[in-house]
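Contents: one structure, followed by commentary.
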Amino acid sequence: MDYSTDDRISFFEKVYAVVSQIPFGRVTSYGAIAAFLGSRQSSRMVGWAMNQSNRSGLNVPAHRVVNRNGQLTGKNHFGHPDLMQKLLEQEGHRIENDTIVNFEGVFWDPAQWLL
DNA sequence: GGTGTGACCAGCT
DNA sequence: AAGCTGGCCACAC
């Protein structure tokens, strides 16, 4: 496979593009990103993309992406289990029981990015 | 190169 | 009401 012959942007690339545009102090969900990219059922891949970006050392704010309940399901994939929560708290969020308080209030819909 | 699997989600039983 | 299943895409073995 030759990279230069493939003009299509992979699903992962789109995920990175969206996630990197999440504003400071806001969060979104895996499903919202997947739905925005046209594949509502690809939400699992979003999380996987985060995993890859983490290992690749890309500058992607993966801590701003949680599941639809506002729960920090991916915290174990950061260096330390408490790192994700700390990062969110630094952005002004409050975490209780691995869940973002007032999640809907700070939720950032990728569709809003288009406006 | 087939198969399994993963930081999810919604629908069905 | 709570558990199981299918689906999606990329990647490791």
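Chain identifiers are assigned alphabetically (A, B, ...) following the order of the sequence lines, protein sequences preceding nucleic acid strands; residue numbering begins at 1 within each chain. In what follows, every heavy atom counts, from backbone to side chain, and hydrogens, waters and symmetry copies are set aside.
As a whole-Å value, the separation of A/L37 CG from B/dC8 P is 17 Å. Going from atom CE of A/M45 over to atom P of C/dG6 covers 16 Å, rounded to whole Å. To the nearest angstrom, P of B/dA7 lies 18 Å from CG of A/L88. Taking atom CD1 of A/I100 as the reference point, atom P of B/dA7 lies 18 Å away to the nearest angstrom. Atom C1' of nucleotide B/dA7 and atom CG of A/L87 are separated by 15 Å, given to the nearest angstrom. Rounded to a whole Å, the CD atom of A/Q85 is 16 Å from the C1' atom of B/dA7. Going from atom CZ of A/R68 over to atom P of B/dA7 covers 18 Å, rounded to whole Å. Between the CD atom of A/E13 and the C1' atom of C/dC11 there is a distance of 14 Å, rounded to whole Å.
Of the listed nucleotides (C/dG7, C/dC11, B/dA7), C/dG7 has the atom at the smallest distance from the side chain of A/R44. Distance from the side chain of A/S29 is smallest for B/dC9 among the nucleotides B/dC9, C/dA10, B/dA7. Nearest nucleotide to the A/F78 side chain, out of C/dA10, C/dC9, B/dA7: B/dA7. Listed nucleotides: C/dA12, C/dC8, B/dC9. Nearest to the side chain of A/Q41: C/dC8. Each of C/dA12, B/dA7, C/dC9 was ranked by its minimum atom distance to the side chain of A/F11; first place goes to C/dC9. The A/T73 side chain lies nearest to B/dC8 when the options are C/dC8, C/dA10, B/dC8.
Distance check on atom C1': B/dA10 versus C/dA10 gives 22 Å, rounded to whole Å.
Salt bridge A/R26/A/E91: absent, no basic N to carboxylate O contact under 4.0 Å. Salt-bridge annotation for A/D98 and A/K75: present, with a side-chain N of the basic residue lying under 4.0 Å from a carboxylate O of the acidic one.
Of the residues near DNA chain C, A/S43 and A/F12, the one whose nearest nucleotide (by heavy atom distance) lies more toward the 5' end is A/S43. Heavy-atom distances to DNA chain C give each of A/Q52 and A/R40 a nearest nucleotide, and the one nearer the 5′ end belongs to A/R40.
A/N67 comes within contact range of the sugar-phosphate backbone alone, with a heavy-atom separation under 4.0 Å but no base atom that close. Among the protein residues, A/N76 comes within range of no part of the nucleic acid, since none of its heavy atoms lies under 4.0 Å from any strand. As judged by a 4.0 angstrom heavy-atom cut-off over every strand, A/Y30 is placed among the base-contacting residues.
A perpendicular orientation is assigned to the rings of A/H63 and A/F78, their planes being inclined by more than 60° (bins at 30° and 60°).
The only option from A/I95, A/N67, A/V27 that meets the side-chain contact (heavy atoms from CB on, under 4.5 Å) definition with A/L72 turns out to be A/I95.
No side-chain heavy atom of A/Q90 sits under 4.5 Å from any side-chain heavy atom of A/F24.
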